[in-house]
Amino acid sequence: MIVREERIERLRSWTLFDGMSASFSRSPLFRMPWDAGFLLRPIFIHGWFSVSCHLGLLLVLAWVWLCRRRKSGASSKERVENNRFSYSKLVLWTSLCLGLLDLFLCLFNYFWNQDGFWSGDRLAVQLDLSTRVVAWFAISAYLHFEFFPSREKKFPSFLRIWWVLFFLISCSSLVVDFLYFKNHGILQPHLWGLDFGSLFCGLFLGCAGLVGKRTLEESPLLQEPLLSAASVNESPNTSCTGDVSLFANAGLLSILTFSWMGPLLSVGHKKTLDLKDVPQLADTDSVSGVFPIFKSKLESYTGGDGNSSSKEGSGSGSGGITAARLAAAIVFSVWGQVLLTALYALVYTVASYVGPYLIDFFVQYLNGSREFAHEGYLLVLVFIVAKLLECLSQRHWFFRLQQAGIRVRASLIAMIYQKGLTLSSHSRQSRSSGEIINLMSVDADRVGLYSWYMHDLWMVVLQVTLALLILYSCLGLASLAALAATFVVMLGNVPLGKVQEKYQEKMMESKDIRMKATSEILRNIRILKLQGWEMKFLSKIIELRKTETNWLKKYVYAFAITTFVFWGSPTFVAVVTFGACMFMGIPLESGKILSALATFRVLQEPIYSLPDTISMTIQTKVSLDRISSFLCLEDLQPDIVQRLPRGSSEIAIEVSNGSFSWDLSSEIPTLKDLNFQVLQGMRVAVCGTVGSGKSSLLSCILGEVPKISGTVKLCGTTAYVSQSPWIQSGKIQENILFGKEMDVEKYDKVLEACSLKKDLEILPFGDQTVIGERGINLSGGQKQRVQLARALYQDADIYLLDDPFSAVDAHTGSHLFKECLLGALASKTVVYVTHQVEFLPSADLILVMKDGEIAQGGKYNDILNSGTEFMELVGAHKDALAALESMDLASNSSSGTIEGRSHDTESSTQGAHKVEQKDAQNGKPDEVGSKKGQLVQEEEREKGRVGFWVYWRYITMAYKGALVPLILLAQILFQILQIGSNYWMAWAAPASKDEEPHVNSAMLIYVYIALALGSAFCILIRSLFLVTAGYKTATLLFDKMHMCIFRAPMSFFDSTPTGRILNRASTDQNEVDTSIPFQTGSFAFTIIQLLGIIAVMSQVAWQVFIVFIPVIAACIWYQQYYIDTARELARLVGVCKAPIIQHFAESMSGSMTIRSFGHESRFVGANFHLNDDYSRPKFHNAGAMDWLCFRLDMLSSLTFAFSLVFLISMPKGVIDPGIAGLAVTYGLNLNMLQAWVIWNLCNLENKIISVERILQYTSIPSEPPLTIEAKRLNCEWPSKGEVDLCDLQVRYAPHMPFVLRGLTCTFPGGMKTGIVGRTGSGKSTLIQTLFRIIDPTVGQIFIDGIDISTIGLHDLRSRLSIIPQDPTMFEGTVRSNLDPLEEYTDEQIWEALDCCQLGEEVRKKELKLSSTVTENGENWSVGQRQLVCLGRVILKKSKVLVLDEATASVDTATDSLIQKTLRQQFLESTVITIAHRITSVLDSDFVLLLDNGVIVEHDTPTRLLENKSSLFANLVSEYTMRSGSSFDGLNNQ
């Protein structure tokens, strides 16, 4: 019964065809199970299925139209003016054309088949065409009258779904009709027209539906990016391409052919591209467009409420974030791109198997088996159409993948940045900035790159299925052996994948540790050079790198084995399949063999890419785990501080029963039992000894310290000035404005109040001077005053100032206190920490801290006699004043002080004015003679073609290039053996059953196996040699770069932001480690493969060179035209990455300041802008690559078409069909390989820029030698410690002004010299010159008669000691911080700790000397850090000791103890002291007073004080009056 029904259905389907004979000759190829299947007959696809779909569409359309009419009512008549919907006209005309085409075909079908029209099959076709006419005209009417006048941003969902479905229906119709035509030899011509017309229109409509959108025409200002240029310091200069989005404004044809890249490529060909030339991103690709979508998706999966970073506990709001949920959020935030790329991948996969499927037909045709006229030309047409579809879909597939990757990367970086701004202190200590930088620079990149691989897993299944169907048609049941072999190969990847995952995780962990250490060392490189420790710390980095490279070596060798397995796997599958044919007795004909070989070759793609896919999946999973664990870290508690509306309460600050702890696991809280109120407008002073909790008190008011109990209330906006100045890279003016609009009058008042006007006059560009990273080119006092000016300009309600006067001299400190606290902030609420007792009497409330508690609180005279803590501080200060009085200054007290003060101040001013005039005259020639430049210059990048020397140095660095010829030889032998094995199978097998085979089946297989084993061995050798050379080169480049960085002069670090160096040590080094070796090998291997294909094709038809040579010439021209732009875009990608890292590092270090000002959103905006600046060249680089590849594909398709036409045009017997089929088999890959050669060349040139950037840093000018053998000094030098300066002139760089101008003086050996002077006068520069951090431009320095410029740097620096201005501690232990070179015993270390007043503090800790020190020493107060620095020099006991503001951050009592300790420990040493506390230099033997880089006074303190008009006497008088008047004022109350 079933057979009968099938026969009836077959007869019905045949009635559709006229002129068809009763019997049909059918190709053996179609003797498959589906021949009798109803679903794969034209009657089904053209009749029932198509009619049902179109009728369903009409019903949906009618329902949607009625719903819209009912909802809109009268408002539906409104039209959107000045709007534009992309592709609207093309979509409308395409719909109309489809309707007209269907109408024409409907009429044609009616008149063509008038005889027997009412038969079921013809009626079904007529019904299909009729419903198509109605449906497409209805769609056209809906679009024109209802949709286009509306405000909808995209095409309706049901239409977009329909257009994609229609395209798939059209593809299916074409395939079914073609199969039926091949089976039966005839098909009505109008059905061909229907199929092809529907296919191309459906393809266009599907693409237009996915990318079409409405754009309102607005003013140019409204079309600017969401983040204005002003807020993110964007250059106002734009170019003809840089101010618009080329992609967003492109038409459909332009998008299909990538012609929208034309304007940028044209500009890039004519000039070197700059960032301003690169077009903007479309809104959908910018961070501001993609991040909100990603964030909302992530919150929906984790149960967040829109503010996941502000939950309590251990990150409860983000605690639900897992790698799986993060991956889901990523996928669904770019779901449109995922679906579109899936469609392209599907079309590409199906099209790529058409060629292998038709090769047997082609060989049979050449052998004389021809079913109908012009069969050869039809075969060529199908070959070429499939090849064009393959090329077009592949190009758009790749481009959209990269677009999705850019969006994902941008979203992740924005999320990581925002999370970084909200981390709690405990979380910050658990993750270093180096680790988080790796998350941004490596992990986010890797997740973005995974877009390349996201479809590979399901595509493998589809590709294997299609391959097996083709193999079944050729080889029958032997295809099951192919399936088994394929599964064996894929299952073999499981253990390899697990091994790679393990090695990848370990390698990334090691990289994190190395980057963390590198980041810390670069931040503190100045102290390392001053102490002569840089080589010790370099060896630490090298050791960390060795651990990393141990895992890297295992990883790359595992990858080499994986590569060998999978390069050999297609050959293995072929051997198993052909062997099965031999055992099963299945005859092997050349056509079937070639069809199978071509299928194996196409199957190579998923098998080749599978190890990459699995490896990348593993790496991406590791990266997602790392990112998700970071996003789960604990945030700041949101409810620590209750912020009340401005002006809603008279109480500005209130803390009740407050207990706080930086470490909640600690039993002893940092602050406890806090109870105080601060009314609006009050001045509150906070004082206490080192480590008593003063800075922590300010932090708890800001909500930075985790709360144990109690409440904190704030009423009004806050501004914060930290103890360690936080300065952003950028102009001084930008630092002061801090995002506010410029108000010139207010700005001038702030500069005056902060005593910055004179400093700005000295600086070469005034307030437009660019500050180096961390304010490197400003003195400590200048940095402090810049951040104080920043706070003043914000005009906040509450000011929290953490010891703002310690880094400035006495005169400037008095000015700041008077003009800022008593003047500009008179009406504000101010809480200030200070060690200067003289500033306490002016406070309305004084809080005395001790051991984390408020020991005393009240007004000055109220608490003076009520406790011992405050009396100790005041007593130490009075002792210091008594020392001044003992120097005969008592006569200047009382009324005489006031009169003398007026006269002295006048003299001081006049003297200073004269000095200024003198300095200005000294500086004039320098200013006129040379053009001064900024310290921090724009990052340099090579321009033009990457030099051949870069490639040459890279490939010859490992073993002098000895492995390179062996690698190439192995690849050439592999290619020869591969071609030989295929050639053998094509020649030895018969073309048909009728021919006698050249050899028996066993010989055929055995020779093939032997050749296959030889090729597999070559691949193994090639893989091992390649990873060996790549590993060795990466190691050598790393060592050379780091040696050059650590030996670079300090000027390099002053002018180079840390982000630039970290970018090379992280991103570029990662490329060299894991990417560039394989990219270099891939380029060489594809060239060898391409030459092999050309050789095979020319063997059959040398005439192909007639087309091939001009095509190659055109390809080279296109490549040359493209590479000018692509090269610069790749370089811009490298240059634009460092600012993201630098901005992030700055934001992390200043996160407390940013939060205190409430500027998180502005900094997030800046991060968005920098992210877009990075994405712009990356996006357009992808577009440029696909612009090139699209054109190369078209040209190679032309070559392939010519060779096919030539082959079918030859008479039968002229060409061996088997060898011709082999040529076609290889020719199928011609376009892919030709594009791959150019793509690999361009990609290699883009990647090799990482090598170029690393090589840049291997040629940094080095410091002078660490040791000079001819000038080695005896171990007792310096024995006296006498320092002579001879006409010393110093500047930081050739384009910078002189800082020291002709200093000549002597510091006698064994004596104490104090250096004083106004902030920025050159005191710290003099010290840096003494240590040869800067070498003098003119002049010399002698120590004990030896010119220090003639001896090695290590010999010099190891004999001197310094306590620097910025106290530095490294991550590690107390012991490693005091003795990093491990030269001293524990007893000596304890003795040093006792001497510097830290012994008791360390003994309290459980681990004693092994107690942990976190990154930057953040778990120690600034004062304690300075005491640790003091401990270092006590251990070293050098003959020359320099104190650069060594006690600025400690209280007066501790300062007195330190001075006493120094006098005892360095009794016979030369001590050079820079101090703003006059009492610290009064007991010096000599005083040197600097002003604007020249020596104004140099004598003993007594003599200088005898001269009442001396500047030093004025400074002492200023300090005495400031301190004395404070107490006098109190005594009069």
Side-chain angles (χ1 to χ4, degrees), residues 160 163-164 167-168 171 199-200 202-211 247 250 252-261 284-285 331 334-355 385-408 448-463 466 602-606 608-610 612-613 616-617 1178-1194 1196-1197 1228-1229 1231-1236 1238-1240 1242-1243:
R160 285 185 280 161
W163 287 333
V164 172
F167 171 69
L168 295 176
C171 291
L199 178 71
F200 290 113
L203 177 62
F204 167 75
L205 289 171
C207 295
L210 291 171
V211 300
F247 179 71
L252 180 65
L253 186 62
S254 179
I255 285 177
L256 283 176
T257 61
F258 295 94
S259 300
W260 56 272
M261 280 296 302
T284 51
D285 292 315
V331 169
V334 290
W335 69 271
Q337 301 296 103
V338 173
L339 292 180
L340 185 59
T341 52
L343 175 63
Y344 287 137
L346 178 64
V347 173
Y348 166 77
T349 303
V350 173
S352 65
Y353 278 96
V354 171
V385 169
K387 184 57 65 179
L388 291 176
L389 275 175
E390 178 189 338
C391 296
L392 192 66
S393 58
Q394 186 185 43
R395 294 279 61 84
H396 286 276
W397 174 29
F398 284 179
F399 174 71
R400 295 291 182 171
L401 286 178
Q402 293 176 82
Q403 186 181 27
I406 288 169
R407 292 181 181 182
V408 168
L449 281 173
Y450 187 70
S451 61
W452 282 98
Y453 303 87
M454 64 181 172
H455 296 304
D456 284 7
L457 294 176
W458 67 261
M459 280 177 61
V460 165
V461 177
L462 176 63
Q463 287 167 319
L466 290 174
V602 177
L603 196 58
Q604 279 180 349
E605 183 186 342
Y608 283 175
S609 63
L610 192 60
D612 279 346
T613 303
M616 195 65 186
T617 303
K1178 197 171 182 68
F1179 175 83
H1180 290 93
N1181 197 20
M1185 176 65 76
D1186 286 304
W1187 175 93
L1188 173 69
C1189 289
F1190 174 79
R1191 282 147 183 79
L1192 298 184
D1193 285 346
M1194 295 301 107
S1196 59
S1197 297
L1228 285 171
N1229 287 326
N1231 74 299
M1232 184 184 76
L1233 267 175
Q1234 190 172 311
W1236 267 99
I1238 301 298
W1239 189 89
N1240 275 318
C1242 299
N1243 206 33

**Flag for T617-Y453: side-chain donor and acceptor within less than 3.5 Å** = no
**Complete:** Rounded to the nearest 0.5 angstrom, the NZ-OG distance for K387 and S352 is 8.0 Å
**Prompt:** Do S254 side-chain atoms and W260 backbone N/O form a donor-acceptor pair below 3.5 Å?
**Reply:** yes
**Prompt:** Does H396 have its ring centroid less than 6.0 Å away from the ring centroid of F258?
**Reply:** yes
**Complete:** Separation between CG (N1181) and CD1 (I406), nearest 0.5 Å, reads 9.0 Å
**Item:** Atom of L203, atom of F167 and distance for their closest heavy-atom approach
**Value:** N-CD1, 3.4 Å
**Asked** Can you name the salt bridge (Lys or Arg N to Asp or Glu O under 4.0 Å) partners of R400, sequence neighbours left out?
**Response** none
**Request:** Could you walk me through whether L343 and L339 pass side-chain contact (heavy atoms from CB on, under 4.5 Å), step by step?
**Result:** CA-CA 6 Å; L343 175 63; L339 292 180; over 6 Å; no
**Asked** Can you check whether Q463's main-chain N or O pairs, donor with acceptor, with T349's side chain at less than 3.5 Å?
**Response** no
**Message:** For the OH atom of Y344 and the CD atom of Q337, what is their distance to the nearest 0.5 Å?
**Reply:** 9.5 Å
**Prompt:** Would Q402 and S451 satisfy side-chain contact (heavy atoms from CB on, under 4.5 Å), going step by step from the backbone distance to the final call?
**Reply:** CA-CA 7 Å; Q402 293 176 82; S451 61; 5.8 Å; no
**Item:** Heavy-atom pair with the smallest gap, counting every atom of A404 and V334
**Value:** O-CG1, 4.5 Å
**Item:** Any side-chain heavy-atom pair of V347 and E390 under 4.5 Å
**Value:** no
**Check: D1186 and M261 side chains under 4.5 Å, non-hydrogen atoms** = no
**Item:** Centroid-centroid distance, F399 to F1179, less than 6.0 Å
**Value:** yes
**Prompt:** Could you go step by step and tell me if M1185 and F398 meet the side-chain contact (heavy atoms from CB on, under 4.5 Å) rule?
**Reply:** CA-CA 10 Å; M1185 176 65 76; F398 284 179; over 6 Å; no
**Request:** Begin with the C-alpha distance, continue with both residues' side-chain angles, and end with the deciding distance and a verdict on side-chain contact (heavy atoms from CB on, under 4.5 Å) for S1197 and L388.
**Result:** CA-CA 7 Å; S1197 297; L388 291 176; 4.1 Å; yes
**Smallest separation among heavy atoms of W458 and L346, with atom names** = CH2-N, 4.2 Å
**Request:** For the residue pair L199 and C171, establish whether any side-chain heavy-atom pair is separated by less than 4.5 Å.
**Result:** yes
**Message:** Once rounded to the nearest 0.5 Å, what's the spacing between atom CZ of F247 and atom CG of D285?
**Reply:** 7.0 Å
**Request:** With rounding to the nearest 0.5 Å, note down the distance linking CG in L1192 to CH2 in W1187.
**Result:** 8.5 Å
**Message:** So which atom in L392 and which in F1190 form the shortest heavy-atom distance, rounded to 0.1 Å?
**Reply:** CD1-CE1, 3.4 Å
**Message:** Testing the basics here: between M459 and A345, what is the closest heavy-atom pair and its distance to 0.1 Å?
**Reply:** SD-CB, 3.6 Å
**Atom CH2 of W335 with >12 non-hydrogen neighbours under 6.0 angstrom** = no
**Asked** Do side-chain atoms of R407 reach the backbone of T284 as a donor and acceptor pair under 3.5 angstrom?
**Response** yes
**Request:** Without swapping roles, check the side chain of Y450 against the backbone of M616 for a donor-acceptor pair under 3.5 Å.
**Result:** no
